[in-house]
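Working notes, structure below.
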Amino acid sequence: MRILFIHADYIEYEAKQKAMQSAEDIDKKKERYDEALVAFISVEEGDTAIVDKSVNEIKDVSKKVNVDRIVLYPYAHLSSNLAPPSEALDVLRKLESVLSKEYEVHRAPFGWYKSFVISCKGHPLSELSKEIRGEGEKPKEEESDALKAEKKKVTYWYVMTPDGTLHDVNDFNYTDYPALKKFVEYEISGTRAVREIPPHVELMQKLEIADYEPGSDSGNMRYYPKGKMMKALIEEYVEKKVLEYGAMQVETPIMYNYEHPSLKSYLNRFPARQYIVLSGRDKYFLRFAACFGQFLMMHDATISYRHLPIRIYELAKYAFRREQKGELVGLRRLRAFTMPDMHTLAMDMEQAKAEFKKQYEMAMEVLRDFGLELGDYEVAIRFTRDFYENNKDFIVSLVKLVNRPVLVQMWDERFFYFVLKFEFNFVDSMNKAAALSTVQIDVENAERYGITYYDENGEKRFPYILHCSPSGAVERVIYAMLEKAHMNAQRGVKPAFPLWLAPTQVRIIPVKDEFLGCAVQEMEQFQKEGVRVDVDDRDLSVSRKIRDAEKEWIPYIVVIGEKEKKSGKLTVRIRGNGVKVMDREELLAVIKEHLSGKPSRPLPLPPLVSMRPKFRG
RNA sequence: GCCACCGUAGCUCAGUCGGUGGAGCGCCACCUUGGUAAGGUGGAGGUCGCGGGUUCGAUUCCCGCCGGUGGCUCCA
């Protein structure tokens, strides 16, 4: 059976004349139905056996478009393998009677030439065709171009273990890797989550990190002082990392001309997801990654094989993707986001692979410094069959580096621009996955952009290009940290940020006003050492101030009163780890150990808590 | 983009079967000077998301829009 569904504002039809002897007798020739799901149906040989299945298909579609009125419209033109009219009418009547139990069902007369007018709603689900077959029946082979293109997309899913074995995703034993299981489900079938606000959204607001900005387009956030500081630190950290790795930092424009030939052919590969900027009569699109500017720069550069590999880096601030409304969530998916983007030109596949592996290791280090360890994220490695056949050991070596099973996706033929890609994916408390770090080996864009280098013989050649974001979007890193903290809290572990990212690292609480002076003196000692420290000078009880500090996830809370003034020691409440009496130097040593090698920034808010506005509630 | 639900004080929410509203937190003032997760009293604060419609009268009912969330689709 073949069905063409149209979700219609209305359909009108009129039976004109009988098309066959066995046409139904009818009393009313003209009908009109509003707000209906119209099913144009060709009944094929043997369909009597699959009436139930067809009913379910129709119900399924009705549910998706949320209609309770169904019009069954006999339509022979969808198939060249029609059932005899008597059988067809019988099947249609059965459909009608079964569906009538739950829906308002109308059936257009069978065996008539009819005129009709239909108004299709035009949303993505409003036009849909289905072919329904019984078990064991095979579709007729028709090798259209579209089908061939579809075939290229044939993808194979596996789980690869560190010993290099490819396991069927359905047979793999996930007992020790529940998050991998969730990730695999998310990738292959999508997940169904219960209805609730994502935990990180509540946290980003409560902690005054980021918030929605109704005055802008959706997916463009505001960042409060604490959030801005965290973002800046993350950016500085990644930047330091890639510069140490050997990248050259550049800056390129955020908007590009629609008509530029290289850009045009790149854009045409993808559905329109750009922000458009009109400047006078010219049309520009906002970049969705830093590729464009860097590729155009490399196009104009003169490069020798002796220079390779060369790496250029830019913090794409912002990258813009006009994602669909329904896809935007908190900090997980945005329309404007900050993405560290590094491109490496490699002479040949060997060099590309060597770089790929180093960047993979760098990405692991980067995530670790954000407090995301192996096991907090799931690895996906994707490649073409060709690449796999020629580089099995290389791929296995990547899996060995993380020493845990990873999701593998393999395509028969290349239909993206890359032959190899990995991502580190964070799986959140709602079982949604989001890609963080990624590296890809691009075999297509050097040619598209005319990026070349001169080889030993002075011949122009196209390099391979690696795309690398060691951390993924900065906002998404914060999302992952917040979600991890939330999952910790659910397990009874106090949620916290890595010390180097905590907006306040040490809070000093004077027991009463007369110790405020001591508290401020103590604060200055910590300030001198570059620690983000503040004093809660508000007229509140000690326990109240402790409570507020805990709610801010402050790692070290120092209470100062009579005792401390006399002894010169500090009473320190260590987050999640009780209260300890220690020397200032001792505490400083612990803090400095955590901070070594990380960028630092001053306190994002006034040092006296009483001087701070509330940005939210 | 589609479907569904939601939008009341800065925040979290209650309420009005159509007659312009309330609590807790926060804020302000006063009292309290405190020892590791909420000290007390009082006060100010609202175009009930925005725009139309119905009505003598709309925060409440209807339509449209904006924003948020979930699902679908999507995710270079």
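Residue numbers begin at 1 in each chain, while the letters A, B, ... track the order of the sequences. All values reported here derive from a predicted model rather than from experimental measurement.
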Of Asp539(A) and Lys494(A), the one whose closest nucleotide on RNA chain B sits nearer the 5' end is Asp539(A)
Exercise. Side-chain donor or acceptor of Asp217(A) under 3.5 Å from a matching atom on the base of rG67(B)?
Worked result: no
Atom CZ of Arg335(A) and atom C1' of rC74(B) are separated, to the nearest Å, by 13 Å
Answer for the Watson-Crick or wobble partner of rG18(B), both distances under 3.5 Å, is none
Taken to the nearest whole Å, CZ/Arg332(A) to P/rC74(B) is 17 Å
Inter-nucleotide C1' distance (rC31(B), rG68(B)), Å rounded:
42 Å
Self-check item: Short side-chain N/O contact from Arg573(A) to OP1 or OP2 of rA37(B), under 4.0 Å
Solution: yes
Look at all strands and tell whether Gly215(A) reaches a base, only sugar-phosphate, or nothing, counting heavy atoms closer than 4.0 Å. nothing
Considering just the side-chain nitrogens and oxygens of Lys512(A), establish if one lies under 4.0 Å of OP1 or OP2 belonging to rU33(B).
no
query = Looking for any heavy atom pair under 4.0 Å, which part of the strands does Leu328(A) touch: base, sugar-phosphate only, or nothing?
reply = sugar-phosphate
Lys421(A) atom NZ is separated from rC75(B) atom C1', nearest whole Å, by 9 Å
Open item on the list: Between Ser218(A) and rG67(B), is there a contact of a side-chain N or O with OP1 or OP2 at under 4.0 Å?
Closed with: yes
task: Provide the distance between the two C1' atoms, one in rC27(B) and one in rG46(B), to the nearest whole Å.
output: 15 Å
Exercise: do Thr344(A) and Gln359(A) side chains pair donor with acceptor under 3.5 Å: yes
Taking the P atom in each of rG18(B) and rC2(B), what is the distance between them to the nearest angstrom?
31 Å
Mate of rC28(B) across any strand shown (Watson-Crick or G-U wobble, both atom pairs under 3.5 Å) is rG42(B)
For Phe422(A) and Phe424(A), take the angle between the two ring planes, folded into 0 to 90°, and tell me which bin it lands in: parallel under 30, tilted 30 to 60, perpendicular over 60.
tilted
Phe285(A) CZ to rA76(B) P, in whole Å, measures 16 Å
| Any side-chain N or O of Asn66(A) less than 4.0 Å from the OP1 or OP2 oxygen of rC2(B)? | no
Check this one for me: any side-chain N or O of Ser543(A) less than 4.0 Å away from OP1 or OP2 of rA37(B)? no
Numerically ordered, the residues 558-567 of chain A set in heavy-atom contact under 4.0 Å with RNA chain B is Val559(A), Gly561(A), Glu562(A), Lys563(A), Glu564(A)
Margin query: Is a donor from one side chain sitting under 3.5 angstrom from an acceptor on the other, for Glu423(A) and Asn425(A)?
Written below: yes
_Can you confirm if the aromatic rings of His467(A) and Phe418(A) lie within a centre distance of less than 6.0 Å?_
no
Taking atom C1' in both rC6(B) and rU59(B), compute the distance separating them and give it to the nearest angstrom. 16 Å
Winner on side-chain proximity to Glu327(A), out of rG70(B), rA37(B), rU73(B), is rU73(B)
Open item on the list: Ring-plane angle category for Phe292(A) and Tyr256(A), please: parallel below 30°, perpendicular beyond 60°, tilted otherwise.
Closed with: tilted
Taking a pair to mean Watson-Crick or G-U wobble geometry with both distances below 3.5 Å, rC61(B) pairs with rG53(B)
When rounded to whole Å, the CD to P distance for the pair Glu187(A) and rU73(B) reads 14 Å
Rounding to the closest angstrom, what is the interatomic distance between rG52(B) and rA14(B) at atom C1'? 29 Å
ask   = Can you tell me how far C1' in rA76(B) sits from the matching atom in rU8(B), rounded to whole Å?
value = 43 Å
Exercise for the section: Would you please confirm or rule out a distance under 4.0 Å between OP1 or OP2 of rU73(B) and any side-chain N or O of Lys325(A)? Expected result: no
*Is Arg385(A) close enough and on-axis enough to Tyr156(A), meaning under 6.0 Å and within 45°, for cation-pi?*
yes
Expressed as a whole number of Å, how far does the P atom of rC56(B) sit from that of rC50(B)? 24 Å
With a 4.0 Å cutoff (strictly under), does any side-chain N or O of Lys545(A) reach OP1 or OP2 of rG34(B)? no
Of rA37(B), rU33(B), rG39(B), the nucleotide closest to the side chain of Ser541(A) is rG39(B)
In whole angstroms, the gap separating P of rC72(B) from CD of Gln324(A) amounts to 13 Å
Taken in chain and number order and not counting sequence neighbours, the residues that satisfy salt bridge (charged side-chain N to carboxylate O under 4.0 Å, His left out) with Lys228(A) are none
field: Under 3.5 Å donor-acceptor pair, Arg321(A) side-chain atoms to rC75(B) base atoms
entry: no
Taking rG35(B), rA37(B), rC75(B) as options, the one with an atom nearest any side-chain atom of Arg547(A) is rA37(B)
- Query: Can Tyr360(A) and Val439(A) be said to form a side chain to side chain contact (heavy atoms under 4.5 Å, CB included), step by step?
  - Reply: CA-CA 7 Å; Tyr360(A) 180 98; Val439(A) 178; 5.8 Å; no
Between CG of Asp513(A) and P of rG35(B) the distance, given in whole Å, is 14 Å
To the nearest angstrom, the NE2-P distance between His7(A) and rC72(B) comes to 19 Å
Q: In whole angstrom, give me the gap between the C1' atoms of rG15(B) and rC72(B).
A: 35 Å
Pairing partner of rG70(B), by Watson-Crick or G-U wobble and under 3.5 Å for both distances, is rC3(B)
Checklist entry - For rG71(B), does OP1 or OP2 lie under 4.0 Å from any side-chain N or O of Lys432(A)? => result yes
Open item on the list: When you compare the side chains of Glu552(A) and Thr504(A), does any donor N or O come within less than 3.5 Å of an acceptor on the partner?
Closed with: no
The residue, Phe418(A) or Val511(A), whose nearest nucleotide of RNA chain B is more 5′ is Val511(A)
**OP:** Assert yes or no for the condition that the ring centre distance of Tyr449(A) to His299(A) is strictly below 6.0 Å.
**Re:** no
Closest non-hydrogen contact found for Trp553(A) with Pro495(A) is CZ2-CB, 3.6 Å
Distance below 4.0 Å between Arg544(A) side-chain N/O and rG26(B) OP1 or OP2: yes
